[in-house]
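In what follows, a single structure is set out as structure tokens and then discussed.
None of these values were measured; they are calculated from a predicted model. First the proteins, then the strands, lettered A, B, ... as listed; each starts at 1.
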Amino acid sequence: MSRAEQSGVVQVQGEVIATRRVGAYHHLTIVAPGVAELARPGQFAALSVGGLTTGNLLRRSFSIHKVSPSGTYGGTLDLVIAAKGAGTEWLTSLRAHDAVDVVAPLGRAFPLPTEPVPCVLVGGGYGSAPLFWLADVLRERGCTVEMVLGAASEDRLFGVVEARRSADGVTVTTDDGSAGVKGWVSDVLPEVFTRTGAPVAYACGPMGMLQSVTRVASEHGAVAQVAVEEAMACGVGVCMTCVMPVRDKLGVTKMVRSCVEGPVFRGDRIRWEAFHDGVCGVPEDAVGAPKVGGH
Amino acid sequence: MSRAEQSGVVQVQGEVIATRRVGAYHHLTIVAPGVAELARPGQFAALSVGGLTTGNLLRRSFSIHKVSPSGTYGGTLDLVIAAKGAGTEWLTSLRAHDAVDVVAPLGRAFPLPTEPVPCVLVGGGYGSAPLFWLADVLRERGCTVEMVLGAASEDRLFGVVEARRSADGVTVTTDDGSAGVKGWVSDVLPEVFTRTGAPVAYACGPMGMLQSVTRVASEHGAVAQVAVEEAMACGVGVCMTCVMPVRDKLGVTKMVRSCVEGPVFRGDRIRWEAFHDGVCGVPEDAVGAPKVGGH
Amino acid sequence: MAVDMSVTFGTRTLPNPVMTASGCAANGRELHRFFDVSKLGAFVTKTVMMDPRSGRGTPRMAETASGMLNSIGLQGPGIHAFVEQDLPWLKSVGARVLVSIAGNTAGEFADVAKVLVASDAFDCVVGVEVNISCPNVANRGLVFACDPLASGKVIALVREQLPRDVPMFAKLTPDVTDIVSIADAAVKSGATGLTMINTLLGMVIDTDRLRPHLGGITGGLSGPSIRPVAVRALWQVTAAMREGRFQTVPLIGVGGVRTGRDALELIAAGATGIQVGTATFNDPNAPQRVLTELEALADSHGVARITELVGIAHDRMVIP
Amino acid sequence: MAVDMSVTFGTRTLPNPVMTASGCAANGRELHRFFDVSKLGAFVTKTVMMDPRSGRGTPRMAETASGMLNSIGLQGPGIHAFVEQDLPWLKSVGARVLVSIAGNTAGEFADVAKVLVASDAFDCVVGVEVNISCPNVANRGLVFACDPLASGKVIALVREQLPRDVPMFAKLTPDVTDIVSIADAAVKSGATGLTMINTLLGMVIDTDRLRPHLGGITGGLSGPSIRPVAVRALWQVTAAMREGRFQTVPLIGVGGVRTGRDALELIAAGATGIQVGTATFNDPNAPQRVLTELEALADSHGVARITELVGIAHDRMVIP
Ligand SMILES: Cc1cc2nc3c(=O)[nH]c(=O)nc-3n(C[C@H](O)[C@H](O)[C@H](O)COP(=O)(O)OP(=O)(O)OC[C@H]3O[C@@H](n4cnc5c(N)ncnc54)[C@H](O)[C@@H]3O)c2cc1C
Ligand SMILES: Cc1cc2nc3c(=O)[nH]c(=O)nc-3n(C[C@H](O)[C@H](O)[C@H](O)COP(=O)(O)OP(=O)(O)OC[C@H]3O[C@@H](n4cnc5c(N)ncnc54)[C@H](O)[C@@H]3O)c2cc1C
Ligand SMILES: Cc1cc2nc3c(=O)[nH]c(=O)nc-3n(C[C@H](O)[C@H](O)[C@H](O)COP(=O)(O)O)c2cc1C
Ligand SMILES: Cc1cc2nc3c(=O)[nH]c(=O)nc-3n(C[C@H](O)[C@H](O)[C@H](O)COP(=O)(O)O)c2cc1C
Ligand code: FES
Ligand code: FES
């Protein structure tokens, strides 16, 4: 068995074969042999940025939107990228045939239900990117899929058309009302849970949204599986920068790496109260937490 | 009068419009409005490298091969670039329509003879790049132009065909004999000086070659004007990294900036003996030289 | 609404906080080809010593990751030529000049200051920057700014030479275990303010020739690569002054500023003024561009005066 | 012809000089997915202390120009869990392990070493790296390695716990006025060798929120941006040893190594071993790739043994 098969991850020199604007985002298709065979929905890819002269050394992480194991060019990987800072600006300015180094797939995928149950999939902004593939997988297993897509404004919604194909029902919300219901996904979620009786929700998007999905889900007796987004220096588990406080099965809180133990966590295990305005503290009861007066 | 006209230099966001391989080099044509009107043969351009994410901050300097004040795209600038390290690799991998920031023209041009005299132009490797334009300007003034092009091997010669058009006579040398006379330019130069009786030589190329051109020229009672190549951090005269020991008119040696007081110097003013295997010392008699026991 | 960009150092008010960095802008003429140097808050001149100096041999520079090394060796014309040729030119274009001086001994610093003060164009001088980050010949070549006592001595001697109302800045090196103790010594000895930071001592080896790349063996590391060190130094000294460990004086931040955003970073850490050094080699318009960008950024933060942002990060810490 | 890449530290000979850097490779399993960690000269583990530690809050990292800041806060499982879970795994894959240890007090370092020595898998340990670049709780949180006395004390106490034949390296911080004096103290107190350098203290301010970017406020600067500082530190200590200022010991170079060429730069300055840290975040195969590239480069220089290149730049200076 090759190292890649054993380890479930490859590093490949990818080649961009298509790049197109979709609302506020860029949708990239990258030839990345070996990724498709290993990837599952919820996992992510880490791309290096800036080429040979780069001063930006850290990889950028993106949810895998979809993969296809073979094609004219070999296996491909699709990502949906919002240009934000130096690295994403560079990635979204790539043209066909440009090279980009890819490490993928990374992290834990969304755990799938063993029974064919109704599922609610919630995506905020580009957070919807991994959900269509997940929806397909869930429907293959006989689950019904209800999708809720939210964003600040219409251009920041991703995949509304795709959603209508992949899901049994779709609700759209925007903060400014430019598309769908004006408001947040949490405004429409109670009705969705009540109507579908879904025992599980899958969500990807900003932390605030993930927290409210978790809350609404538990109010309706459902479990939320949320894909988080913490700043990551390595993406492969060696740097310890991407940690967050998460309870384990026994209820013990540890600072765990979201790149290897996540990015998908059970929402009710995350210590949401430790997050505050872009920073996250170490809960006092976490294993090895600083004692008063010290470390 | 605009600042550019007053100062003779502009900084412009250029656009590559053509790039082609010529032997071991890349010939780039860049739209750089404003440069052509100001430039004269012997001056150079300083290009930034690596784009927005770059970790290579220093500009790279290149002799101006030619300029044309207008055209379909506006004024253009031609450079001949050897891929050597990170910056030149990046520049030579640019494609049409890529952007590149240009500061030009910089430095002092070759001083032109006031009388129509025979001139010898000597180029080593890509050092021939600025000489064709110079030849045209000299011939416009009624000078005859004899050109000597030398390189390690045929692929490192630049512009042999162009030379036959721009010069009245052309001699080619290569170290390995793959084209022209096997040997160095200094092997053929005595004959050229004797035959043409030229009172002035213009040379651009490696330091060793410039030194021998200077020596042979003075042996034949001619003055050599040589364009040097010192590592430059700024190219505009503010950093003091590009200095070399040069005598002034009174014979006083100073460490002068080759980017603003050069790159063209009278060969016999340069203190060649201070250069040794890639380093250059400060001659003891230079103004402000360290005293024994140190500054 | 336009932001009031003016900043005050002791008795002098400058129209804006942006300056060149010593040794990265020569003495003005070269950059004046690209932009009007009188539009900067101040123009900082290349460090000048008593006598003319040839500086070191070459190579004097090596490019490094997001930065560079230099070993110029304080090449310069000497203070007499400086006050006869360079300072009058800067005055003629209306520049406000911060003159950087140094000496091989503490006494030489004072002698240089004396010649400067006596010069005709001295009225364009808005301050003197004392570059104590250079070797002390009397003390085994140890850099003055590595030692609080040596630093304090130089500062006190220069202070004596300068008219009371002329601001004096001590320029510190980051290559010390405790920069706060050096800052403290400089302020106690009479510095009106502090400039931080000079380059870090670094070295590059040529892996083809397997020898030091620079003629001077070691050199000073500068550029964006060192900005986190500059921010940290400004932060530590500002924190110490806020804690009352010594008198509060204005700081000038320098190290890796390439954009208005970088300048704001140093300002938020505690700098009142900002110098743009190595970035000028990348973009000869950098000092002017940084000023434009900084003004727009300050405006976007909704402040009326740039000084409202000085040290603001100290007030905005989130302790989760 | 193949170059003999083996290097010797005290009693231990490693097949090659390339190692991971502490804290940049976790404890092996993660990188083993990309390459066989037993192929490296040694695997350096994340610094471990006595008790489990949660480390600091987030953000714990900021990208900087050609580098990054981190403030992990020495998160780790504690030495007991380490010797029960991590060390046996490293042994099982055949890795040679350099264990990095730290303590809040000098005594804690010794206690950690004691547990390590008593552990079952200790025979895969080829050395102990004593990370003295961490805060000394007993001395106002001042980093041990900022003070020769504190450094010497820690080293001497750990030495007592380790069997004679186990090499011990003191890992130094560059944030000192005189790194040679710290090196001297560590060697005199029994260090078999020195690892240089740890991160530089740095800081980034978030210019949108106008507050420190890191939860821990300051952080450690690493990556190619600091390589010139690492080369200089290795150069200075090697020069001091060559001048006979203290006993010559082998050095391990770390700081900004991304390519074989970078590794050779540190070797030419005086390093016998090389660690690859931040570059691993850019390329998870970096340690292995650096080894391959270094071997090819050594070959191109025509040497039979990599050790011929150690410190070679000291012999090749050109004084023009
Ligand atoms: C598991 C995961 C999945 C993601 N999926 C997507 C996606 O599908 N589409 C998309 O557009 N973005 C996604 N992101 C966010 C994306 O990684 C960041 O927007 C990107 O790293 C920012 O890089 P930059 O160079 O533009 O910004 P800069 O601000 O220049 O980045 C500086 C540094 O901070 C890190 N960083 C900054 N913001 C973030 C962030 N939000 N998350 C993680 N690291 C950050 C960068 O990686 C880099 O190291 C995802 C992040 C994670 C962790
Ligand atoms: C006045 C002048 C005219 C030149 N004309 C040409 C030309 O027409 N065609 C051409 O191919 N090259 C020319 N060169 C050389 C060219 O500037 C260098 O080859 C180039 O800077 C190397 O950059 P790099 O990124 O490839 O190499 P790197 O080794 O990565 O460069 C590292 C640093 O060293 C500097 N540097 C390295 N080598 C040189 C050098 N030989 N001269 C100056 N700086 C150097 C670089 O600018 C950079 O700052 C000229 C140089 C000067 C000074
Ligand atoms: C080529 C060069 C020459 C310098 N010369 C001086 C000098 O003469 N005096 C001085 O105080 N600082 C000098 N410096 C240091 C700068 O003023 C500045 O403190 C340092 O470079 C950090 O800022 P930067 O990163 O913006 O360049 C020099 C820096 C460079 C790069
Ligand atoms: C995220 C991170 C964590 C680190 N943790 C440790 C550590 O636990 N112990 C240690 O001695 N050094 C630690 N270091 C420092 C590195 O081992 C190394 O000395 C430094 O990063 C310089 O090397 P580099 O530029 O190759 O990264 C850490 C560095 C980083 C970037
Ligand atoms: S990103 Fe490095 S451990 Fe998770
Ligand atoms: S290259 Fe900067 S002064 Fe010449």
More than 12 heavy atoms from other groups under 6.0 Å of CZ on R245(D):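 No, the 6.0 Å shell around CZ holds no more than 12 heavy atoms from other groups.
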Do you know which of [options] has the most heavy-atom pairs under 4.5 Å to chain C?
options	result
I179(D), D206(D), I312(D)	I312(D)
R232(D), R209(D), R261(D)	R232(D)
D208(D), T218(D), L234(D), L221(D)	D208(D)
R227(D), H301(D), Q236(D)	H301(D)
P228(D), A269(D), A62(D), G223(D)	P228(D)

Without hydrogens or angle criteria, can the side chains of S225(C) and S225(D) be said to hold a donor-acceptor pair below 3.5 Å?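 The criterion, which ignores hydrogens and geometry beyond distance, is not satisfied for S225(D) and S225(C).
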Measuring heavy-atom distances to chain C, does [X] have an atom under 4.5 Å in its side chain, in its backbone, in both, or in neither?
X	answer
T64(D)	side chain
H314(D)	neither
D147(D)	neither
L200(D)	side chain
L69(D)	side chain
R258(D)	neither
L309(D)	side chain

If every non-hydrogen atom of M203(C) is compared with every non-hydrogen atom of E265(D), which pair is closest and at what distance?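 Closest approach of M203(C) to E265(D): O-OE2, 3.9 Å.
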By the definition side-chain contact (heavy atoms from CB on, under 4.5 Å), identify the one residue from D175(D), T177(D), V176(D) that meets it with V176(C).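 For V176(C), the side-chain contact (heavy atoms from CB on, under 4.5 Å) test succeeds with only one of D175(D), T177(D), V176(D), which is T177(D).
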Any donor and acceptor pair, going by atom type alone, linking the side chain of R211(C) with main-chain N or O of A313(D) inside 3.5 Å?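 Absent.
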Give, for atom CG of L266(D) and atom CD1 of I205(C), the distance between the pair rounded to the nearest 0.5 Å.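 Result: 8.0 Å between the selected atoms.
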Pick whichever of L201(C), V204(C), V229(C), L264(C) has the most heavy-atom pairs under 4.5 Å with chain D.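 Counting heavy-atom pairs under 4.5 Å, the top option is L201(C).
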Of the listed residues (V231(C), D178(C), T207(C)), which shares the most heavy-atom pairs with chain D below a 4.5 Å separation?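 Going by pairs under 4.5 Å, I would pick T207(C).
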